[in-house]
Amino acid sequence: MTQIEFNCPVVNQHRLNDQFVILTLKSAAICDTAQPGQFVNLSCQEFLRRPFGIMAIDRATNEFQVGIQIKGKGTKQLAGLKIGDIVSILGPLGHGFDMTGARRIITVGGGTGVFPLYFVHQTAKELGIERIAICGYRSVEDAILRDEFKAIANRTVFASDTGGLDVIGHAGHALQIALEQLASNTIGSQPTLDQSTFILTCGPKIMMQKVAEMALANGLSCQVSLEEHMGCGIGICLVCVCKIKNHETAEINHQRCCVEGPVFAAEDVVW
Amino acid sequence: MTQIEFNCPVVNQHRLNDQFVILTLKSAAICDTAQPGQFVNLSCQEFLRRPFGIMAIDRATNEFQVGIQIKGKGTKQLAGLKIGDIVSILGPLGHGFDMTGARRIITVGGGTGVFPLYFVHQTAKELGIERIAICGYRSVEDAILRDEFKAIANRTVFASDTGGLDVIGHAGHALQIALEQLASNTIGSQPTLDQSTFILTCGPKIMMQKVAEMALANGLSCQVSLEEHMGCGIGICLVCVCKIKNHETAEINHQRCCVEGPVFAAEDVVW
Amino acid sequence: MVNTHVQIGELTLKNPVIAASGTFGFGREMQQWNNLSQIGGISSKGLTLNPRLGNDPTRVAETASGMLNSVGLQNPGLQAFIEHELPFMLGLGTTVIANIAGHSLEENVQMAMQLDQTAVHAIELNLSCPNVNKGCMAFGSSAHLIQEVVRAVRQSTTKPLWVKLTPNVTAISEMALAAESAGADAVCLINTLLGMAIDRRSRRPVLRNNTGGLSGPAVKPVALRMVWDVAKSVSIPVIGMGGIMTGEDALEFMIAGATAVQVGTANLVKPTACQDIINEMIMIATAEKITSFSQYTGTLKTW
Amino acid sequence: MVNTHVQIGELTLKNPVIAASGTFGFGREMQQWNNLSQIGGISSKGLTLNPRLGNDPTRVAETASGMLNSVGLQNPGLQAFIEHELPFMLGLGTTVIANIAGHSLEENVQMAMQLDQTAVHAIELNLSCPNVNKGCMAFGSSAHLIQEVVRAVRQSTTKPLWVKLTPNVTAISEMALAAESAGADAVCLINTLLGMAIDRRSRRPVLRNNTGGLSGPAVKPVALRMVWDVAKSVSIPVIGMGGIMTGEDALEFMIAGATAVQVGTANLVKPTACQDIINEMIMIATAEKITSFSQYTGTLKTW
Ligand SMILES: Cc1cc2nc3c(=O)[nH]c(=O)nc-3n(C[C@H](O)[C@H](O)[C@H](O)COP(=O)(O)OP(=O)(O)OC[C@H]3O[C@@H](n4cnc5c(N)ncnc54)[C@H](O)[C@@H]3O)c2cc1C
Ligand SMILES: Cc1cc2nc3c(=O)[nH]c(=O)nc-3n(C[C@H](O)[C@H](O)[C@H](O)COP(=O)(O)OP(=O)(O)OC[C@H]3O[C@@H](n4cnc5c(N)ncnc54)[C@H](O)[C@@H]3O)c2cc1C
Ligand SMILES: Cc1cc2nc3c(=O)[nH]c(=O)nc-3n(C[C@H](O)[C@H](O)[C@H](O)COP(=O)(O)O)c2cc1C
Ligand SMILES: Cc1cc2nc3c(=O)[nH]c(=O)nc-3n(C[C@H](O)[C@H](O)[C@H](O)COP(=O)(O)O)c2cc1C
Ligand code: FES
Ligand code: FES
């Protein structure tokens, strides 16, 4: 019996712009065990908790961060938290990204999907894995965390639907270009584009599906972080299911986004 | 069409002890028209508003006060408000005390009933009416607003169920003694105990009933401030009714505590 | 400019937001907060032939995101309504609906006949009050009884006749069909859900009447489902209510199939609710480039 | 020391707080948050004879003080339950209840017969799931069908048989009486209220199944009223639920007439809810100098 509900103090609230806020919270227990791709379930004044991917952890200070996009009532309340406020949190929850055997990762993030991918880079850096970050945004105004990714990744590509960044178009488009360059060995330190290059993606479903197809077409391992509306976040209510294929039996199952996910192997996902 | 919902800032929060808090709020509109015995309906995080008698107003600063006893969720939230917080308020509401023709008032308050009676003294002082304040408490610890009443009333009597104040027993008991003294002309500046002495009471029902009986037995005019659970506070939902007798027709009617009340003539109340 | 008008049978409402019975008095107190000529209509407090004191207090209990009430149809009686309240209401410049809640078929018929002689715009036959012993919800729980009483009332007046249904039934669409087949011009739903609150310390029901009617946002999901269900079943207009607090809520009811909505409990906590809701609906419709509110009705795309 | 035990027919529960079906999995995930040997019982996720995928997502919609779910009985099937989950559950040191929700009388009978051969402590016959097309709530809305299916299941097992009722009916006490007369050892209520949530922008139901079951504090007043109503009517124990979040809530249900309670949605937002509720109940009972929880049952003093 391990108690994993925590009352965490807000130690910082940083507003990136009118849509995005980064909360810094303190919890040794969460920092101790969190893996990239895992999430926390935060209480607000609404009835249900709200799930957010862990964006970064700092084991020295026992602080961790979540990036929040203001969507409805709950995110508005959370974005309005002030330093010193206490938040009830369950976490770390779920099944994160697996980087075992990776020599290079390419993260492909879209929208709020870039937040949890930052934690992937933090961890990959510690593990000495080469890191390419591809981030897609709707516009330059939405293009959050660019400095942070530039500082942590070996290489970054920022795409914007409306131009003004490295690539015009969506993140999948940017991935295509990056893969071509990698294949022709014009970028990256690793010689080849082989099974040791992992594609890790989080963002809009349609983007992740494109990314997954591209990765699989290139024979690369790909993991996707799915999003589903949740009740409990801890596996007991079965509302958060994703359609996942069992490749041995060819059966399609409903797996829980909050326990078996949110990260799944791309080839198992029934889009 | 007069708009009487106000978003009032909290300008002070003063905790008397673990049970009682005095909130000071700012609203010119409320201070302009409030009469003693009227109330305000405050929003909290619960579904319904919470009614509180107006305790004092300061026309110079446009600030008014309510005294709050912490009972359940709503009063706990309101007691926890901080300076600068904004509260949605409807008011002033209801029908207050009528002091027309009074040369002397005797207020008899019990528990939170002493709060709105303070406003009665404020007004009576402005009107040059002699003021006797009788306040009943459960214990010395509960004996709030004593300094305030001493400063504003011509004479005060504090009663405590458990002793330690002027009189042991309830406020009705204290009133009995005061009436005897007044009748024998040993206290008070007015010569006689006649119709121009008004008894104004607010507090537990059983206390008010005793006070009313005593007043009527002594041929004195008596007004009581009733309390009922409210929905709207503005007369539209009919949930807050009190049983009131029409002395002409001898009919018993349901009158709205929030509009026809909370102050009623004691002789009309069906206890 | 959005065309805000909606059509309930022969009656045109200037907009789809009606103040619900029992939560707006007879409009008098609400003048302070609203320009009443700008709301779609007002349904009177539930009326009986003779004056009624209603139930003893306590008559209200707060619940999670809602409230229970056990008013029990306190009202001055039909005659006093017609003499003292109706003329005032008719002067407000909005549609006036008389909500009647007789304890018997005969009482409802008699009231309808008397109202037929007045200038009231519509009659809302309340077969759904949970707070009285006789009539009302007892009628409203049986398709057969609904048919009987609606047919009788239908024959006693040429006024538009709306029938207000209780949610405390197994199949509300059957009740709506019964009302329709007996000649109702519209059905209104939902009235309150029968509920109870208990004071743990005293081991007493909070309400002196033991039970009461639940309203407010807590019931909205049930109300929406019933409005959708009924709107699929009947071809007369549906007037939807239950927990509407915002313009968004109101539009959800219209999308589910309501031609108009009623706003009840919201008035209690926010006296400007009706006007605020209309304004928000206009804002949304404008943003969505909708030219007429009626375009929302029944546009739910189910899966 | 409060005696926390309560008696449901022949079965003694170590305390009256049971984890409600569908909100506790098969207990596995909840070990992290609770000492499961200290809760009164666990009702399994609703079981069918064959594995079921349940409905497509989105399966949850938040509502005011509550939520809608449309899981649709996703479960591994009875055989897998008996092989893989039941042994685990029986090892937890708490009372284990198998919640069965067959789509036909025959399926329920067959499941009861198979469970009869296991060490499960009780069967909860779910005649109230609103999220499947066949069986379940369709049975639960008719006293006649309830009687039929309960009688058949009763004859196929000697296990304690609890019947779980739907609130989506006109007269729930008639349903309870039907279950009692057919041999139920207890009735459990309420299951969820049928509701709907709409996304105004897309004009789509939030739930892929269009409708779902409403649970949480929003429904508590309705649940309390029904528990009170049923407890007055039947002489078998009533197991009450619907919106219980605190020990106070649980005691209100017992005062209304429940012998035990179930805690559902609360587990989702507070995984320690069951234990917290038991602890709070013990605190209150101690303060009130109550020596046995069972002394609360049915002590409501109505007006
Ligand atoms: C595993 C996971 C990780 C996530 N990580 C992040 C993150 O790092 N940063 C971020 O900004 N957002 C993240 N989200 C999405 C975030 O949870 C929702 O935006 C948020 O719950 C919306 O709440 P609201 O009250 O503002 O919106 P409302 O629309 O008012 O919420 C109503 C209900 O729907 C649910 N809901 C609404 N949108 C979503 C959604 N996209 N996914 C799941 N539930 C939803 C809410 O939780 C709530 O129960 C994540 C979601 C999941 C499932
Ligand atoms: C006209 C009037 C004037 C009042 N003036 C004061 C005052 O000056 N100071 C003060 O401390 N209290 C006053 N009260 C009582 C105060 O309104 C209640 O104590 C308060 O509403 C309790 O809210 P709660 O959420 O803490 O309690 P809860 O018990 O959780 O409230 C639940 C519900 O019951 C209602 N309720 C509970 N107790 C009362 C009560 N005694 N009267 C009316 N409704 C109640 C609440 O408003 C709420 O709707 C007054 C009441 C009325 C009617
Ligand atoms: C205090 C109160 C009194 C009510 N009185 C009546 C009534 O007299 N007649 C009636 O048909 N409905 C009455 N209702 C029901 C409302 O008109 C409405 O159907 C119900 O409250 C649901 O809508 P809401 O959630 O917006 O309040 C009353 C509701 C409340 C809260
Ligand atoms: C996500 C979810 C799944 C549920 N699944 C079942 C089920 O499989 N079988 C059943 O009998 N009840 C099921 N229920 C109903 C609950 O057991 C309970 O009757 C209902 O939610 C009311 O209690 P509550 O308000 O405490 O949740 C489910 C409820 C929820 C919220
Ligand atoms: S959210 Fe409850 S099982 Fe995933
Ligand atoms: S509280 Fe609504 S009429 Fe008095």
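Throughout, a chain's letter reflects where its sequence line sits, starting with A, and its residues are numbered from 1.
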Quiz prompt | Top contributor to chain A interface from D:G66, D:G72, D:G27, D:G216 [non-hydrogen pairs under 4.5 Å] | solution = D:G66
Exercise. Spell out, as yes or no, whether a donor-acceptor pair under 3.5 Å connects the side chain of A:Q223 to the backbone of A:D98.
Key: yes
Self-check item: N/O donor-acceptor pair under 3.5 Å between A:S88 side chain and A:N7 backbone
Solution: no
Exercise. Would you mind checking which part of A:N253 comes under 4.5 Å of any heavy atom in chain D, side chain (CB onward), backbone (N, CA, C, O), both or neither?
Key: both
Quiz item: side chain to side chain contact (heavy atoms under 4.5 Å, CB included) with D:I18: which of D:I42, D:I39, D:I97, D:V263?
Solution: D:I97
Practice problem: Without swapping roles, check the side chain of D:N108 against the backbone of D:G102 for a donor-acceptor pair under 3.5 Å. | Solution: yes
Quiz item: Relative to chain A, which segment of D:T265 carries a heavy atom at a distance below 4.5 Å: side chain, backbone, both, or neither?
Solution: side chain
Quiz item: If you count heavy-atom pairs under 4.5 Å between each of A:G74, A:C237, A:C240 and chain D, which one has the most?
Solution: A:C237
Exercise. Determine the option with the most heavy-atom pairs under 4.5 angstrom with chain D, choosing from A:I252, A:I234, A:N41.
Key: A:I234
Self-check item: Atom of A:Y137, atom of A:I144 and distance for their closest heavy-atom approach
Solution: OH-O, 2.6 Å
Quiz prompt | Stepwise side chain to side chain contact (heavy atoms under 4.5 Å, CB included) check, D:F24 with D:N34 | solution = CA-CA 11 Å; D:F24 217 76; D:N34 297 275; 4.3 Å; yes
Exercise. For chain A, find which of D:E62, D:R28, D:K45, D:M30 contributes the most heavy-atom pairs closer than 4.5 angstrom.
Key: D:E62
Exercise. State whether A:R256 and D:E29 are salt-bridged, where the test is any N-O pair (Lys NZ or Arg NE/NH1/NH2 against Asp/Glu carboxylate O) under 4.0 Å.
Key: yes
Self-check item: Check: A:F64 ring centre within less than 6.0 Å of A:F119 ring centre
Solution: no
Quiz item: Does D:T246 offer a backbone N or O that forms a donor-acceptor pair with the side chain of D:D249 under 3.5 Å?
Solution: yes
Practice problem: Select all residues of residues 83-95 of chain D having any heavy atom within less than 4.5 Å of some heavy atom of chain A, and report them by number, or 'none'. | Solution: none
Quiz prompt | Side chain, backbone, both or neither of D:T58 within contact of chain A (heavy atoms, under 4.5 Å) | solution = both
Quiz prompt | Contact summary for D:A20 and D:M241, nearest pair of heavy atoms | solution = CB-SD, 4.4 Å
Quiz item: When you measure from the side chain of D:T166 to the backbone N and O of D:N191, does any donor-acceptor pair fall under 3.5 Å?
Solution: no
Quiz item: When rounded to the nearest 0.5 angstrom, what distance separates CG in D:N69 from OG1 in D:T23?
Solution: 10.0 Å
Quiz item: Which of residues 43-51 of chain A have a heavy atom under 4.5 Å from any heavy atom of chain D?
Solution: A:E46, A:F47, A:L48, A:R49, A:R50
Quiz prompt | Heavy-atom proximity to chain A below 4.5 Å, by part of D:N55 | solution = backbone
Exercise. Tell me, out of D:N267, D:V269, D:V206, who's got the most heavy-atom pairs with chain A below 4.5 Å.
Key: D:V269
Quiz item: Which residue out of D:V71, D:T63, D:L53 racks up the most heavy-atom pairs below 4.5 Å with chain A?
Solution: D:L53
Quiz item: Passes side chain to side chain contact (heavy atoms under 4.5 Å, CB included), A:K245 versus A:E251? Steps please.
Solution: CA-CA 6 Å; A:K245 193 175 195 159; A:E251 249 182 326; over 6 Å; no
